[in-house]
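Have a look at the structure below, then the notes.
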Amino acid sequence: MTERRKQFPFDQFEPKWQAIWEKNKTFAVANPGDADFDASKPKYFVLDMYPYPSGSGLHVGHPEGYTATDIIGRFKARSGYNVLHPMGWDAFGLPAEQHAIKTGEHPRINTANNIENFRRQLKSLGFAYDWDREINTTDPEYVKWTQWIFLQLYNSYFDEKTQQARPVSELEEQGLSRDEIDELRLAYVAETPVNWSPDLGTVLANEEVEEWRAKGHTVERRPLRQWMLRITAYAQRLIDELDDLDWPEGIKLLQKNWIGRSDGAEVTFQIGDQSVTVFTTRPDTLYGATYMVLAPEHPLVDDIASDEQKQAIADYRVKCGAKSDLERTELAKEKSGVFTGGYAVNPVNGEKIPVWIADYVLMSYGTGAIMAVPAHDQRDFEFAQQYDIPMIEVVNSENLSDITSTQTNHGQDAHATGGADATCFSGEGIAINSPMFEGLTTAEAKEKICAWLEEKGLGGKMVNYKMRDWLFSRQRYWGEPFPIVWRDGKHEALAESELPLLAPELEDYKPSGTPEPLLSKATDWVNCGEGLKRETNTMPQWAGSCWYYLRYCDAKNSERFVSREAEDYWMNVDLYIGGTEHAVLHLLYARFWHKVLHDLGHVSTKEPFQKLVNQGLIMGEDGVKMSKSRGNVVNPDDVVEGYGADALRLYEMFMGPLEQVKPWSMKGVEGVYRFLGRVWRLVMEVDQEGNWSMLSKVKVADCDKKTLKVLHQTIKKVSEDIESLSFNTAISQMMVCTNELNKLEVLPLSAVEILLSVLNPFAPHLSEELHSILAEAFPDAISGELSQSDWPQWEEVFLIEDEIEIVVQVNGKLRDRITVSKDADKDEVEKLVLDRDKVKEHIDGKTVRKVIVVPGRLVNVVAN
RNA sequence: GCCGAUGUGGCGGAAUUGGUAGACGCAGCAGACUUAAAAUCUGCUUCUCAUUUUGGGAGUGCGGGUUCGAUUCCCGCCGUCGGCACCA
């Protein structure tokens, strides 16, 4: 392939243009306040999800989204916008540290090398980034502001009344104690069961467990003292404020489900002289509660356990504690539990029901206790069957006709008898065996019981969220240290002036195998003063990515994380493109930080990312996900080497819709490469020595009608398709246009210029090169660079045809075509059609019932 | 199990306020150029029936429905991919 003569000398002009752009800072954009800032233009902030600079370099999946944003950015810039299109590095991360463990080399070095490689690769693709705004999350200047934002969280609490973050200084003024305040901070310390991975030497967030487990690492649960971020405080706002965002509905739903709001009630039961509160979404089934279940870890278990059950309880707890989360769910087929010996009193009827512990009730959700209604809850039902606990039906599933038509009547003929084949009915219906609200619908019964509970002080409506607080500390080396010191067992924030706090150099990076963070090895660093010890945990990789988009607005500011002026001008991000793998975590975390910064008055918008688009995964040629082990990974460097950056960019966009999953095809790359070759040869010819020169058929000349039509169709289609991110169809239109121009004996300069102009965002090097060749040949007609020129406008007048072909159908079947003038009226067309031989043939012996004329499109003759 | 996507030629994919299904590209076939090949250019290319052109029929996962007309709208299934998974 590389031996073959190239269709066009991309290996010469691509590096040439890249060098020109770099030297001239062609794509640098000014900020408000800068000398060359043009305030008259609207702004457009188009953002890629920045990469983790891995050792294996760029993958063909990266340039998919990057090319899309590049086309948009170049298009917007030429359409009169100030465009912010930056790039940077999510450079903290475990792989660099793993490398350090193996080689002893500081992760900083490995990271710097990888970044250099990534930058080289991205530059070889000709992306119009403003490289002056490049950021690196491991840069001390960046770390400084990540730590500063952490301190904002640390020094804030969530005010329930206004649903906003407020400075904790307000609590001090209210006279709250130090301990009380520490309970309320958005960044707080808690002893919680965490996911500890001995071989990684760190704890992981719940959300990360699966990912690392899939990579073969072990993860176990154990209680540890950790930094947490109170993201749960924002649960409702994180749901509500999705509404105004232009995101795929599926992604919004994914986030909503992750946050997992459920509306229900809390109900307090008496157990002897203790009381226990349960959470239920079905308070209407209170009469059907035949037992209660506490989570095995529930603090009340010891108090209510009878002496004869104590041993069984202890044994069961040991068994549960040993189970990892995975095992707990994998063994979910069979329910297990132990009777505590205690009984709870159902507040609604005074019945005594047995209290059990079982691991299907989680301490971390709701109140860690449930009322079990086996007749109407699948899990309770299975448990009751297992332990032979009685069931009471309290919702009638029959005669539901108009209340619940399809979704809830699957258990209709089941009568909850506890028999082996019985099923339970978990849908809505009419309350029965429930004296207080006999005959009411589920919704009505819920209202009534909640009102009653509230009146009696036994509970009431309650909302719960599935989402947990964010476990924010890691025991790694290669992350931001917490700007915190400990004095007498209490944490204190470093002063802003002490930031950034950088990690000390270490002898080696090997994990100790205990949950003691790596930084604790650096005793000189840890003991930083009389009675002072530094926090030795570090922040997770997510920290840097929670605010990087803000830093791009003002990447070199040393006074503030972003100047108010720059933030106010550039935010929000108008278009954010990246993979679905970040649909929940990154996007949720970043939204959370952004809201905190907004509440505290540091940023002007409620949400960071106005429009979100997920690019689809690119599969290998074999249709499965690219992976080293399968050997189906395509390296962009090889594609650039063989076909050029423009061909790679064009192919990435031509493959299919941006959001769709699609397989790679080298043949497809060749296809677009050939197309670029055709565009090149529209203007250029080669001699036997392989030297290119301009063709003489390119002339200053007028375009004929047909050419004007296809040119203006192309401007229109490409403009509209870029706006709707339909790059594949934009490219096919440019192919159509090229094929038309190729047929011309004389190629008018203006025609080829239009084609190059719309091709420019897609294939910036080739279009710019041809443009410069034409400029040299026709200095009076052409000048400047395409990337700096105005985007062409189409004129409708060239699109209209005088005569239109109309399709003729008889009974919906295509039978004929006629050509009529563009303003022929309906009657005229109808007459014409009925006079056609082919139409007569097909309506022979039938009566014409109706003639449907769709102006400019078709005529359908209905006859029988 | 639940939620969300998706299903169109040999392949990637076009086309939806309902109006010519298969644009564009790949692969394939034929031709031109060439000593030859590559490259390039031109033509054909959903399936099927018919002796040929003209032509007939079928066709957008499957089965129904609405309509003059359905890839597009409605109802019911099936397959593939992704996410969640005892959250009370």
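Since the structure is predicted, the reported quantities are computational estimates derived from the model, not experimental observations. Note on naming: letters A, B, ... go to the chains in the order of the sequence lines (proteins, then strands), and numbering restarts at 1 for each one.
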Any strand counts, and the cut-off is 3.5 Å on both contacts for Watson-Crick or G-U wobble. Which nucleotide pairs with [N]?
{"N": "B/U40", "value": "B/A32"}
{"N": "B/C84", "value": "B/G1"}
{"N": "B/G18", "value": "none"}
{"N": "B/U54", "value": "none"}
{"N": "B/U6", "value": "B/G79"}

For the residue pair A/His582 and A/His586, does the interplanar ring angle fall in the parallel (under 30°), tilted (30 to 60°) or perpendicular (over 60°) class? perpendicular
If the plane angle is over 60° it's perpendicular, under 30° parallel, otherwise tilted; pick one for A/Tyr673 and A/Phe8. tilted
Side-chain N or O of [X] less than 4.0 angstrom from OP1 or OP2 on [N]?
{"X": "A/Asn728", "N": "B/A23", "result": "no"}
{"X": "A/Lys662", "N": "B/G12", "result": "no"}
{"X": "A/Gln7", "N": "B/U40", "result": "yes"}
{"X": "A/Arg857", "N": "B/G69", "result": "no"}
{"X": "A/His842", "N": "B/G56", "result": "yes"}
{"X": "A/Arg674", "N": "B/A38", "result": "no"}
{"X": "A/Thr580", "N": "B/G82", "result": "no"}
{"X": "A/Arg678", "N": "B/G25", "result": "yes"}

How about A/Tyr651 and A/Phe762: are their ring centroids closer than 6.0 Å? no
Shortest side-chain distance from [X], nucleotide among [options]:
{"X": "A/Lys813", "options": "B/C86, B/C24, B/A58", "answer": "B/A58"}
{"X": "A/Arg817", "options": "B/C24, B/A88, B/U20", "answer": "B/U20"}
{"X": "A/Leu253", "options": "B/G4, B/U20, B/A23", "answer": "B/G4"}
{"X": "A/Ser732", "options": "B/C68, B/U20, B/A23", "answer": "B/A23"}
{"X": "A/Ile852", "options": "B/C26, B/C24, B/C68", "answer": "B/C68"}

Could you tell me how far B/U6 sits from B/G61 if I compare only their P atoms? Round to whole Å. 13 Å
Using the P atom in both, what is the distance from B/A30 to B/C24, to the nearest Å? 22 Å
Does [X] reach a base, just sugar-phosphate, or nothing at all? Heavy atoms under 4.0 Å.
{"X": "A/Val736", "answer": "sugar-phosphate"}
{"X": "A/Pro657", "answer": "sugar-phosphate"}
{"X": "A/Lys667", "answer": "sugar-phosphate"}
{"X": "A/Val807", "answer": "base"}
{"X": "A/Ser665", "answer": "nothing"}
{"X": "A/Gly366", "answer": "nothing"}
{"X": "A/Asn739", "answer": "sugar-phosphate"}
{"X": "A/Arg815", "answer": "sugar-phosphate"}
{"X": "A/Ser262", "answer": "sugar-phosphate"}

Is A/Lys335 close enough and on-axis enough to A/Tyr360, meaning under 6.0 Å and within 45°, for cation-pi? yes
Between [atom2] of [N] and [atom1] of [X], the distance in whole Å:
{"X": "A/Glu841", "N": "B/G55", "atom1": "CD", "atom2": "P", "answer": "10 Å"}
{"X": "A/Glu581", "N": "B/G83", "atom1": "CD", "atom2": "P", "answer": "10 Å"}
{"X": "A/Leu650", "N": "B/C24", "atom1": "CG", "atom2": "C1'", "answer": "12 Å"}
{"X": "A/Trp664", "N": "B/G25", "atom1": "CH2", "atom2": "P", "answer": "19 Å"}
{"X": "A/Tyr365", "N": "B/A85", "atom1": "OH", "atom2": "C1'", "answer": "14 Å"}
{"X": "A/Leu254", "N": "B/G83", "atom1": "CG", "atom2": "P", "answer": "10 Å"}

Does CZ in A/Arg849 sit with more than 12 non-hydrogen atoms of other residues, nucleotides or ligands closer than 6.0 Å? yes
CG on A/Asp284 to NE2 on A/His376, rounded to 0.5 Å: 8.5 Å
